[in-house]
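Working notes for the structure below.
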Amino acid sequence: MASAPVSTQETGSAPPLVSLRGLTKRFGSFTANESIDLDLHPGEVHALLGENGAGKSTLVKTIYGLIQPTSGHMLWNGQETVVRSPEEARALGVGMVFQHFSLFDNLTVAENIALALPRSERLETIPARIAEVAQRYGIVLEPQRRVWTLSAGERQRIEIARCLLQNPKLLILDEPTSVLTPQEAETLFQTLDRLKAEGRAILYISHKLDEVKRLCDRATILRMGKVVATCDPRQESARSLAALMVGAQVKDVQAASNRVFGEPRIVVDQLSMRSPELHGVALKNISLSVSAGEILGIAGIAGNGQAELFAALSGEVVANTPGVIGFNGKAAGLENITQRRQRQAAFVPEERNGHAAAPDFALSENVVLSRHADGSMTRFGLLDFGRARSLAGEIIGAFDVRKAGPDPAARTLSGGNLQKFVVGREILRNPSALVIDQPTWGVDAAAAAAIRQAIVDLAAKGAAVIVISQDLDELFEISDRIAVIHQGELSEARPASVITREEIGLLMAGAALAH
Amino acid sequence: MRIDLVARNGRSRLVEIAAPLVALIAAMAIGGLLVALLGKSPVQAFFVYFVDPLMESWSLQELAVKATPLVIIAVGLCFCFRANLWNIGAEGQFILGGAMGGWIALLTHGGAGGWWILPAMLLTGALAGLAYALIPALLRVWLGVSEILTSLMLVYIAQFFLDYMVRGPWRDPKGFNFPVTVNFADAATLPQLFDGGRMHAGVLIAIVVALVAALVFSRSLFGYEVRLVGAAPRAARFAGFDDRRLTLSVFAISGALAGLAGIVEVSGQIGQLQPSISPGYGFTAIIVAFLGRLSPIGIVVAGLVLALTYIGGESAQVAMKLPFYLTGAFQGILLMCVLAADVFTRYRLSVQFGRAA
């Protein structure tokens, strides 16, 4: 996205609105936050940076009264203050927009906003108040629309409007752009600029370094629960910020040289399919072809049919004609996931816990989950746990999976390690086709780099790979071609070297490109 | 004040085994309180219920005989419950299995006999239970009907079917109009294990059923499938397991085992058909399944415990004039305690005191 220079007020001169001093939060023996000092000034956009599990969420939940600190204290306008609940936080002037929306799909925008306001507020007066907020901050909302008809960006605007109606002095936003197109994100940034100009403090949680550089005056970087640096993000490079977050230089993915593509391995021909879910997205006339050695990236905002496309490709939902999906030249539309695995196809779904792996099952038992398809996991009709354990060991060794104990339950692994295990389970099969949904979602930077490298290496060995991802940086890093899914329709795939972020953003928002 | 259930990180093997024991002790304490409220001595009741039946050979045999149907049914139920499917109608499958298996005995009655009669009865009983359990399973798979309601309602149909048959078409013509069938011939009766004892060959069937089920659960792909569907249904679909086929399979297994238990009870213990052939074994087996932590070997132990409450309940009626329904109440209390213990092994109670905003 384009980074426009922003005029900012001088910060630091005014006394801080919020000061955290020595804030520590322990969960049992685990320290989520350790002696955190943080100052937030009026009229400042302050970034909170860190990897997953660095303690960002714990810290903001403490400010918002959802969590009580183990020790340390918070000053509000210089006064020591204890926030016992979100109600108290809101009364103080803290508003928070969560990453996962808390909206009722079947109610209207106005009704959803009314629910968060004091009881004395009349429903009839809300449209007028929404109009007032809309005008002041450029937030466009239709009060009578039902939430389920709205895009993620529009839903987020409801959450923001809901906060602003309470006139907060501090607004906390948790990963606000993760569900937005680049254009929607730009609209959000303009709203935030206006809020800042009014002297409100904004705490902005993100791991997207470009937007932090574009938006924020100061950044506090957390690593493993501690503040490792406070800096002016505009003076830093994205690389140096990343290094501060991770604590080491992140390896770049090594692309294979001399890419030669072979036969088409995954072919989808005019696939249309209704979603089994209520409010799900139907797939409309999707066609694509991925050749041996090639990586096709599929971009899109969450909830535009990615899950449905994955289910259709994997065979978890079976098509009603054979020809719409083919693996390795064979029509596979009517085949179930086991039969498609027997055709050398492999699949990694978005959700690790409960979809790719059973959380309460041991790692060796989770090997059986997808590997039983080729009959290698049974002997004389009984499960061969010896073989499952040795395969688990191979995966753990090859993908550097960190775990406690010899064969622990999947849920005891961190997100990144479980994802490496699940990806490794599929890649070590040497599949000739791989479909992977959000390969590095919620995974630390080092694990993400390892997973991307494994995908690139698999393609270099001649596999056809489809990567479905919301992370454009990731898609540009590893894809040969990129297509965009929007409302269940897939755009034509174009070479990653040709297509621009702006074009992808327009496609994500549903605009057709003129050729 | 805020009360939360917070998930525990891990569960040790010790807790897994201790939880049902703690539940049993808690249920005994509550049961003792009930006895005290009835004006009787809880200590005496404890001995009559749980100790005296273990002191004599005949009552130990009786224990095994009573545990047999409970164990066979509960092993079947644990296939359903592990897969998060709720077959509450084992009682009906038990009755229909007993009735249809017994029908073979009636058809062959007075004939030349033959070795094949018993196996034919057992097979018919199992198939009848299987077919009866498939009704709620098919309704669920085809139409999305809740199997909890349909399986439960089918119990009453089975009860009235048997009641009608023994009062009408199957009644013993020489039975002075009593609503019972003829006494089964020897060829239609499960043999006793010891001369003059109470234990019949059904006890062995229960042990074999539990051992085979334990092997299926721990070592077969099908057992893995059942456990996976219960633990993580989406992962099971990702593993390529068809949930419709699995629903039908586990209902078929639990129905067949309930039907088998029914004909074992009729042929080994009762020896004829009568309006009622079960003191609620199909429902008590639900408690057995949970007390046994849904594992076949645990179910054998739990089946003996629940059988003890039946026998103890009978002697408590005689010796202490305690009402018969106390046994049912105790069984219910036990189930509540087992389920509560299960919650507390997975979660820990957190109570936060603080003023409301």
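Values below: all heavy atoms of this structure, side chains included; hydrogens, waters and symmetry mates excluded. Here is how names work: the chains are called A, B, and so on, in the same order as the sequence lines, proteins then strands, and each is numbered from 1.
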Okay, Ala357(A) and chain B: the region with an atom under 4.5 Å from a heavy atom over there is backbone

Taking the six-membered ring of Phe238(B) as reference, does the NZ or CZ atom of Arg341(A) fall below 6.0 Å from its centre and within a 45° cone about the axis?
-> yes

Honestly, the part of Phe310(A) sitting under 4.5 Å from a heavy atom of chain B is side chain

All heavy atoms of Ala232(B) vs all of Pro359(A), minimum pair found to be CB-CD, 4.3 Å

CZ (Arg227(B)) and CZ (Phe361(A)) are apart, to the nearest 0.5 Å, by 5.0 Å

### Task
State, yes or no, whether a side-chain contact exists between Phe241(B) and Thr338(A) at a heavy-atom distance under 4.5 Å.
no

So, the part of Ile337(A) with a heavy atom under 4.5 Å from chain B: the answer is side chain

So OH of Tyr224(B) and CE of Met377(A): to nearest 0.5 Å the spacing works out to 8.5 Å

Applying a strict 4.5 Å limit to non-hydrogen atoms, the region of Glu365(A) in contact with chain B is both

Rounded to the nearest 0.5 Å, the CZ atom of Arg219(B) sits from the CZ atom of Arg379(A) at a distance of 8.5 Å

Problem set entry | More than 12 heavy atoms from other groups under 6.0 Å of NZ on Lys61(A) | no

When rounded to the nearest 0.5 Å, the distance separating CG of Leu221(B) from CG of Leu382(A) is 10.5 Å

One should read off an interatomic distance between His355(A) NE2 and Arg234(B) CZ, to the nearest 0.5 angstrom, of 4.5 Å

Interface check, chain B: of Asn366(A), Thr378(A), Leu369(A), most non-hydrogen pairs under 4.5 Å belong to Leu369(A)

